[in-house]
Amino acid sequence: MYLSTSRASDIAGNTPAPKGPLRAVPGTVFALGLVSLVTDVSAEMVTAVLPLYLMAGLGMSPLAFGALDGLHQGATAVLRLAGGRIADRTRRHKLVAGTGYALSAACKAALLAVATPWSVAVVLAADRTGKGLRTAPRDALISLSVPPGEQGRAFGVHRALDTAGALLGPLAAFGVLWVAVDGYEAVFTVSCCVAVLGVVLLALFVREAPAPTTAPVRAARPAPPPVRTLLRLPGLRGLCLTAAVLGLFTVGDAFLYLLLQRRLDLSAAYFPLLPVGTAAVFLLAALPVGRLADRLGRRRVFLGGHVLLLGAALLLLAPVPAGALLAVGVLAALGLFYAATDGVLMAAAGPLLPAGLRTTGLAVLQTAQALARFAGSLLFGSAWTLWGPGAALGLAATGLLLSLVAVAVFGGTRADRPS
């Protein structure tokens with residue numbers, strides 16, 4: 001139904017808005033959600049098996065895996081800026097995003113041709129390059145399709161659909177591993193086919209963002225300003241600093257799943273099911289939390305999400321019996337963390353940026369966060385190698401707690417509800 005209404009009339013507001021939680025969400029947002037759903041099925045099939053494939057199958061050390069996990073985060077940084085600037089200059093958000101989706105699909109096929117830890121790392125870096133190209137233009141398409149007061153809802157709908165893919169991906173990987181003889185190669189093959197479907201959906205159903213209506217029709221297009229000029233925009237610099245400081249002590253979920261597997265003494269065959277619990281909570285909470293952020297303030301909800309991540313780390317460190325309570329608590333806290341931070345951060349930044357610079361500005365914010373998480377993964381992997389997983393998690397939890405206090409005291413927690 002929503003795909004059939006993905007027309008210019010949706011954006012212009014000529015079609016009556018639906019009632020209920022999807023109110024005021026145009027077809028473009030829903031179509032991008034479907035593309036992300038399919039793409040996330042592909043990506044999470046690989047991500048669900050990757051820690052065991054690298055550390056148990058290929059013998060990668062925790063330090064090397066930390067470097068690879070950081071590369072997973074940091075490889076997108078420069079490309080986010082490049083993708084953002086290209087999209088703003090050309091006003092071709094869909095084309096730039098489509099290029100990123102296509103590159104990631106090609107990398108899924110390349111995984112079938114590599115068999116050493118660092119050749120896998122190169123392919124994954126290229127895959128993250130594709131993600132870096134597509135993320136800011138995709139989020140700009142969402143942000144430009146809705147008014148400032150509806151940003152949280154729109155990103156909540158998109159992230160809910162995206163997370164449905166994150167829920168189905170590990171299940172698909174589990175199913176493939178259960179029946180396939182060649183295991184990991186079968187997962188990579190199915191993942192590649194699903195990724196190609198995502199590119200096709202983008203090409204067929206996603207429409208380009210409308211040109212800004214405030215500029216004269218024949219006015220020359222100004223070149224996007226440098227990053228330092230964007231950071232002078234009210235609120236954006238503080239938001240970048242907040243995301244970077246907290247990102248430095250954000251433990252990657254792959255590490256948390258490995259720690260949880262050790263505590264539960266879980267069989268490797270069931271490891272891909274751990275992300276399913278996180279994704280299920282994220283799926284259920286993404287839209288309600290996005291709407292809550294529109295009402296209470298997106299920065300406050302963003303900080304609250306990191307408090308939940310801290311809770312997940314402390315639960316893993318606590319002398320709680322290894323059982324269902326531990327698993328449910330950690331996975332629920334992690335899912336709520338993503339619901340309160342992923343789309344909410346983009347919703348907080350969108351209204352701060354003019355339409356013609358929306359993609360570049362979002363890319364600046366995403367780059368600051370990605371670089372911080374890259375450094376954080378390296379630090380966590382190093383601490384695990386030197387002092388063990390428990391000490392590494394304790395140090396990360398302490399750093400996150402101090403960062404939350406610093407951001408709350410010096411950055412403020414004022415509400416940022418649109419007027």
Side-chain angles (χ1 to χ4, degrees), residues 44 46-77 116-122 124-125 128 170 244-268 270-275 277-278 306-320 322 326-327 329-331 333-335 337-338 341 369-404:
E44 292 301 324
V46 175
T47 302
V49 302
L50 200 61
L52 286 181
Y53 175 61
L54 292 173
M55 295 184 70
L58 300 183
M60 182 175 275
S61 70
L63 177 58
F65 183 74
L68 179 58
D69 189 61
L71 183 64
H72 226 181
Q73 302 285 347
T76 67
T116 63
W118 293 108
S119 61
V120 172
V122 171
L124 292 177
R128 294 296 91 184
V245 169
L246 295 176
L248 185 62
F249 298 101
T250 297
V251 181
D253 49 5
F255 278 120
L256 293 177
Y257 295 145
L258 286 170
L259 290 167
L260 183 58
Q261 186 215 15
R262 289 186 173 206
R263 285 286 306 271
L264 299 175
D265 194 22
L266 193 66
S267 168
Y270 293 95
F271 184 82
L273 296 180
L274 292 178
T278 298
H306 285 82
V307 173
L308 291 167
L309 178 64
L310 178 62
L314 293 177
L315 191 56
L316 278 171
L317 291 169
V320 179
L326 176 64
V330 171
L331 298 178
L334 191 56
F337 159 71
Y338 281 116
T341 56
Q369 186 180 53
L371 289 175
R373 289 187 174 181
F374 170 69
S377 291
L378 290 177
L379 290 173
F380 190 85
S382 300
W384 183 326
T385 302
L386 292 173
W387 302 302
L393 187 60
L395 290 172
T398 302
L400 183 58
L401 175 61
L402 295 176
S403 298
L404 282 166

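Count residues from 1 along the sequence.
- In this structure, CZ on Phe249 lies 10.5 Å from CG on Leu404, to the nearest 0.5 angstrom.
- Annotation: side-chain contact (heavy atoms from CB on, under 4.5 Å) contacts of Leu264 (sequence neighbours excluded): Leu260, Leu266, Ala322, Leu326, Ala327.
- With rounding to the nearest 0.5 Å, the separation of CZ in Arg263 from CG in Leu315 is 7.5 Å.
- Between atom CG of residue Leu256 and atom CG of residue Leu274 there is a gap of 10.5 Å, rounded to the nearest 0.5 Å.
- Contact of the Asp253 side chain with the Thr278 side chain is not registered, since no non-hydrogen atoms from C-beta on lie closer than 4.5 Å.
- You'll find the side chain of Leu248 reaches within 4.5 Å of the side chain of Leu379, heavy atoms only.
- Annotation: the span from Leu331 atom CG to Tyr257 atom OH amounts to 6.5 Å, rounded to 0.5 Å.
- Rounded to the nearest 0.5 angstrom, Leu395 CG and Leu400 CG are separated by 12.5 Å.
- Between the CG atom in Leu393 and the CG atom in Leu317 there is a gap of 4.0 Å [rounded to 0.5 Å].
- A pairwise comparison of heavy atoms in Ala244 and Ala372 identifies O-CB, 3.1 Å as the closest pair.
- For the ring pair (Phe, Tyr, Trp, His ring centres under 6.0 Å) test, residues two or more places apart in sequence or in another chain that qualify with Phe337 are His306.
- Looking at Trp384 and Leu259, their side chains come closer than 4.5 Å, going by heavy atoms from C-beta outward.
- Checking side-chain atoms of Arg373 against main-chain N and O of Thr250 turns up no donor-acceptor pair under 3.5 Å.
- Partners of Ala396 according to the side-chain contact (heavy atoms from CB on, under 4.5 Å) rule, which considers only residues two or more places apart in sequence or in another chain, are Val251, Phe380.
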